[in-house]
Structure formats: structure tokens, C-alpha cells
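Notes follow once the structure below has been shown.
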Amino acid sequence: MQNKIKNIIISIGFLLIIFIAFIANIIDKDKEISISERRKLAQFPTITVSEILNGNVMDKWEKYVEDQFIVREIFRGIKSLWSTKIFAQKDNNKLFEKDNAIYKMEYPLNENNVQKSAQKINEVYQKYLKNMNVYYSIIPEKNYYLENDDHLKLDYYKLQEIIQQNLQELKYIDIRNGLELQDYYRTDLHWKQENLGEVVKIIQGNMKLDEMNATYEIQNKGEFYGTYYGQLSTNVTPDNISILTNETISNCIVYNYETNKKSSIYTTTNSADKYDIFLSGAVSLISIENPNSKTEKELLLFRDSFGSSLAPLLVENYKKITLIDLRYISSSILENYIDFNEQDVLFLYSSVVLNQNILK
Amino acid sequence: MVFSSITFLFYFLPIVIGIYYIVPNKLKNIVLLLASIFFYFYGEPKYVLIMLLSITCTYIFGILIDKYKKYSKLFLTLSICLITGILVYFKYMNFIIENINLWLSNRIDFIYVVLPIGISFYTFQLISYIIDVYRGQAKVQKNILKLAMYISLFPQLIAGPIVRYTTIEEQLENRKYSFEKFALGVRRFVIGLGKKVLIANVLGELINVFLATKDSSILFYWMYGIANMLQIYFDFSGYSDMAIGLGKMFGFEFLENFNYPYIATSITDFWRRWHISLSSWFRDYIYIPLGGNRVSKIKWIRNIFIVWLLTGLWHGSAWNFIIWGLYFGILLIIEKIFLNKYLEKLPKILSRIYVLIIVMISFIIFSGENMNQIIQNIGGLVGCAKSNFISKESLYYFKSYLVVFIVAIIGATPIFKNIIQNRKNIDKFINILEPIYLLIIFVISTSYIIDGSFNPFLYFRF
């Protein structure tokens, strides 16, 4: 008898689950973006005969139903919990939590990629920058500062060795002592602008710039759900994002070569990534002009996203800073936009970017 | 469409079950046929016609064999040539061209062709049908829709088991439904889903890490070897469980396809437990017609080689599959000639270790992309990579996957099944726990699928 009841419960229970989920998914309104994952969610695919025949509709449909599944966040949380607590896996797609912060394992070191990244930088140097003051620095990923932890880490020393071997004509600036773990966001890979004082001093010292001793007002721009927050369903406390501002920064004029528009250094955008407040996020070519500058010096900053939050802290030293992101613009066409003469040059890349060989 | 997807679990399945149980009995087969054609079309929009063409040809030849007994052998031969020809064209033509080109100065161009999903499975089902009709073991199916439904039945279409027509003949007309059967179906399906998503896919991630790493510690090679054999088992047997479970939900009874192969005490025993539907197909349609073991020793050895060459080829059109098949052929001959006598005398633990090592090496061959990789991955087990026993990276992944390994190893044995079945006094607890256990597996599996996790379909070569 009990067996019979059990069979009925299992049969009816299973049917109820799949039917209710089916109906709920149909009824539930489609969402456009996921705030926690900071991305757009897949929408109902366009159906055409050719798209059906080549299978594209089916692929897009799969992505759509996964993205729009009801109470998706709860299921993602369940998966994260199961993999870390029950299966005791040390990471979830290379992400892990420790002490109320999220980290991503950047591993292993791809020596070939690092070599190619260094060669790309050297190529730019040989083509445009010989006889100029050229410096470079490598930003360690935050895991570099994580102690007493057995998660796999990038071999920073090997990376540095490869870069230094290939960039012997450039001057290396070691900024590692200017940073510690707390200087990075808990839920994101980036560093916090308000904690970059030591890094700025090190750069100014190495590049023989005056320490301007600028004072800043720290403005809190609210909660910040970093990149990692969205990739790992988590209970880690979100960050707050702050910007440093003063009269000089406020008066600076930013020119975006992609949109041909001017703006200020800090821009509030509709982007899901709040870090884009710094110089509008990922832009291939952007310049900052300081109209109140007491010097005619200019800086060419070859950078990744870390440079967006550092550059405003160098405007006191320069009349103009041009930021070039070689991930989005090919070095071969730079001469169409930049007049290379006597600017200071700084290549500032994170170890993560150098390990991926994505410079063009 | 794959079973472990949101589309299948929460769109296709509820719709099909709903319609199936609402319509009167005489329409149920049509519902299944249409659902199965849609299921195949979803994954293979262009090549669904190839499957329908194969079914139609087999149907016609079946009628001809039944009607014109005098020419039945001719029709049988033509039908097998035609169906096999389609399989050879799509699956083996480029392999044949590649190997012919080794001997030619003017190379032949490769043909642009994509392997239709499930073609190896449904081709074998068609061949078994036509041979059984020829032998008089099965009554010819005069209703093309019923034959089409048997071949295209979505639970077993793209990844087996290879269901014989004789198994299902009666069930095409008469199927019994009950809560007990449906619940058994749900249980098999959910457990199969868990095997695939929670074990096989997770181990697959470790395998991907191994394949991408430059780490060459012995520990990592062993982890790869063990993870590889467990992934293949849990993926394949998980899919078979889901197929059998789905069959039960629609009133069908399919035969078992796996019987805890990793507790086998010899390779002979292993192949009675692994992919049973395939090995029995080769036994009944190749080995026995060739004479089986009722011929001279030379011919018997020849028969075994032919069967295992074809078994290897069935799994994929590449040399590593042929080597894999022949590897087992040689071992089976050795066992049958003299080794089995000794294995029977050994303590079971030792004979099981022997089987596990042999099978682990076989699956390294099976999974290899090229011969260099295979040699490296086998050699690495015994330190041929000239590296340490352990490394930071291998230790990290060992710790990270230890629980999964333990769950998988225990799950590959009948330990829990024996505990539950032999204790009558825990029936009451089982009746309460089982629905909860199934619910947990289903919810967790769904959460893994939703998180867009790694979800490979290993049967793309078949």
C-alpha cells in the first residue's frame, strides 16, 4: 500500500513540477537584463526558415529558455551551493569565495601568450616610440596578494621575467609594493581608485614627475556589483564604488574618438557595469585635456580597463593624456590619430590581459 | 535536442506527455511519431529526411521480403547495402578518402558532409528489423507509421539503447500503463539525468582542465584516466537510464543496456555488462552468422577480429576506434584461450583491478584525438613524461574533485542497490525518502543546466 502511495506521489509530483514550470515559464514576462550578472539576457529568437534549417533558432532558443527560466537566480544559487558545499569543489568555473570576497583563478600562465603580448608592445615601441621616454608596468591580479590560500595562482614572477626579457629598451616600474589586497574591490577584478595613492607616487617617482600632492574629495557612488558577483551566485557583500574628484578633474575635457563626443572624466552611463563610470568604460581611443595645466607635457597611456581609474589621478601632471586600448584598436593605425613626438609613454597592463594575448 | 536541456525537460516533455495521455489509445502512436520526428528535426533539421528515407526503404524491403520469399535473400542484401551505404557515406567516406590518399599522388577531395545525429543507432535498428523479418523471427510491419515510430522513438533515437524490433513488436500495439510503471520511469529518468549532469559533466570539466594543462605529474594522468572512464560510463549509462525511464513513462519496456560494468571480473564479463544492446547486436547479426565459436579455431579468431573491428568502427571513423576495438578483440581471445581459467581462481578484487586498468587504458585510446596524445596519456600513467608524481596543480584538482570521484566510484557499483534491496525493515524509510531523493536530484540537475554549465553531447560521432 505504501509502495502504491509512493508511486503516485512520484508520478504526480514529477508531472506537477514539469507542468507548473512549463506554464510558469510561458506566463512569466521576459526580462531584459540580469543585474547580478551585469549582462543582457537572451530574448525570444527571430524565426525564419533559413535560421531553422541551419539550426541557429534552436541554439538561440536554448539560450533564451535558460536565460529566462523562472527564479533563475535561485537555481544558480543552488548550483553554487551544491558544487562548493556538497561536492566540496574548490572553485566554481574558476571563481571562489574567501573572507567575503570573490576571486577568479587566472591560471595557468600561458608563456606563449605573454611572449606575444610583450612582442606587440615592443612592436609599437619600435614603430612609434623610439627616442621617447617609455615606461611600462604590470598590474598584479588581486590573487597575487592572497595569502594562506591554496588556490592556483598565476606565476607573476615568470610573467614578469618574460616581459622584461622582451622589453629591455623600456623602463620597468614595479608597482607591487604600492598595492595590497584591500586595494581591490571584493566582487570585481579592478582596483579601487581611492586606494591608488601609493601607486600614483611610485609612477610619478619613476617617471620623474612632480608629486602634485593633490587633494581630492571622495564621492560614494553607491553599491557596486562587480564582474565576479554576477558570475558566481553568492552572498558576498557588494562593494561601494567611489570616485576622487577636485576642481582640476572637474574641469578636464574628455574626447571620445569613437563617438566624436566630449564629456567629463566621470560619466554615469546605462551600462550594467558601474566601473564604466571611469572614462565611459571600454573605449579604444580617448583623451583627457586639462585646461588648467601648468605644463605642456603630454602622456600616452597604453592601457586596459585598470587605466581608466588611474588616469584621472595623473591629470595634474599633464596637459593631455591620450589613452589607447590596444585590445580594441590596432597599433597599425595609431599614426592616423596620434602625433608621436615628445610625449611620455606608459604601458600599463594587468597580468590577466598580458596572459591572454589580446593586444592588436 | 538533448534530454539534459531546459527545452526537453520543461517544454517538450510536458507537452508530449500531456497530449499523449489525453488522446485515445489509437492516436498515441501518431503522437509519439510526430513528437519523435520533431525531436530529431530540432537537433538535425536538414537530415531528418535521411532518417525518413532509410525508414521508408526498409519498410518497402520488409514488405518485399515477406511477399516474395523466392527473392527474399536478394531483397535482404539490397536493403542492407542501401541502409549501410547511407551510413558509410555520411560516416566513413572521408575516412576512406583520407586513407586512400596516403597511397595516391593525385589526392581525392574530401566530401563536405556532416554526420547526422543518431545514424549509427537507427541504422542498426533498421538492419535488425529487416534481418529478423527475413529470418521469420519478426512479423513484417505493414503499417509504415508504426515502423517509423519504432525507429524514430525519441527516447532511444540519438543515443540508444539499440532496441530490437522483436522487443518492441508487441508493445507497438499493446502497452500497459500504471502509476508503478510511470514512477519507475520517473526514477530511472531522474537518476539518469543526475548521472549525466552531476557526475559525467562535472568530470568532463576536469578532463578539459587536464587536456589544456602543461602539467605532467603522474597523479594528473591517473586522475585523467579515471575521470575519463567514469565520465564515459556515467554519460552513456545515464543516457540509457533516461531512455529506459522515458520508455516506461510511455508504456514501453526496453532492455537494460548497462549492468555495473566496472565490477566485472574479466573483459568477457565486462562486455556482458557494457552497452549490452550493441554487443548483443554484433553477436546476433555478425558473430553467429559467421559461425561464432562453432568453427575451426582460425575461423573463430577471424570472427572475433571482424566483430571487434566493426565494433571499433561503429564508434567512430578514425584509427583510434579501430585500435580500441581490436584491443578488446585480442584480449577476449587471450581470455577465452587461457586467461579466464586463471582469472576465475583469483580473488575478485584482483580480477576487478585487472579489468579496470585494461578498460581505463582502452578509454584513453577511445578518447584520444591523435596517436601522440594517446601514447602520452598512457605513458604518463607510469611516469614516461619524466615528471614528478605530484604537483601543485594536480594536488589542487585532486582535492577539488575528490568528493565527485568518491560519489562516482560508489555510484558505479551496486553497493547502495544491494543495501536497499536486502533490508526489508527499511522499506518504510525508502518509501518516504525516495520521492525526496528524486526531487533533490531533479532540482540540482536543473540548477546545473540553468547555470549554463558544461553539457557536452558525447555521441556526435555516432
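Treat the numbers as computed from the prediction; the structure is a model and nothing was measured. Residue numbers start from 1 in every chain, and the chains themselves are labelled A, B, ... in the order their sequence lines are given, proteins ahead of strands.
- Both the backbone and the side chain of B/Ile6 come within contact range of chain A, judged by heavy atoms closer than 4.5 Å.
- Within the 4.5 Å cutoff, side-chain heavy atoms of B/Glu393 are placed close to those of A/Leu152.
- In this structure, A/Tyr107 has its ring center at least 6.0 angstrom away from the ring center of B/Tyr396.
- For B/Leu206, no part lies under 4.5 angstrom from a heavy atom of chain A.
- The most heavy-atom pairs under 4.5 Å with chain B, out of A/Asp67, A/Asp59, A/Ile52, A/Asn110, come from A/Ile52.
- Both the backbone and the side chain of B/Phe41 come within less than 4.5 Å of a heavy atom of chain A.
- Side-chain contact between B/Phe179 and A/Ile12 is present, with heavy atoms from C-beta onward closer than 4.5 Å.
- With a 4.5 Å cut-off on side-chain heavy atoms, A/Trp82 and B/Val443 do not count as touching.
- For the pair A/Pro108/B/Lys214, no side-chain contact is recorded, criterion being any heavy-atom separation below 4.5 Å from C-beta on.
- With a 4.5 Å cut-off on non-hydrogen atoms, A/Ser80 does not touch chain B at all.
- Formation of a donor-acceptor pair under 3.5 Å by the B/Ser400 side chain with backbone atoms of A/Lys90 is found in this model.
- Residues A/Phe69 and B/Ile449 have side chains not in contact (no heavy-atom distance under 4.5 Å, counting atoms from C-beta outward).
- Heavy atoms of A/Ile86 lying under 4.5 Å from chain B belong exclusively to its backbone.
- For chain A, no part of B/Ile432 is nearby; none of its heavy atoms comes within less than 4.5 Å.
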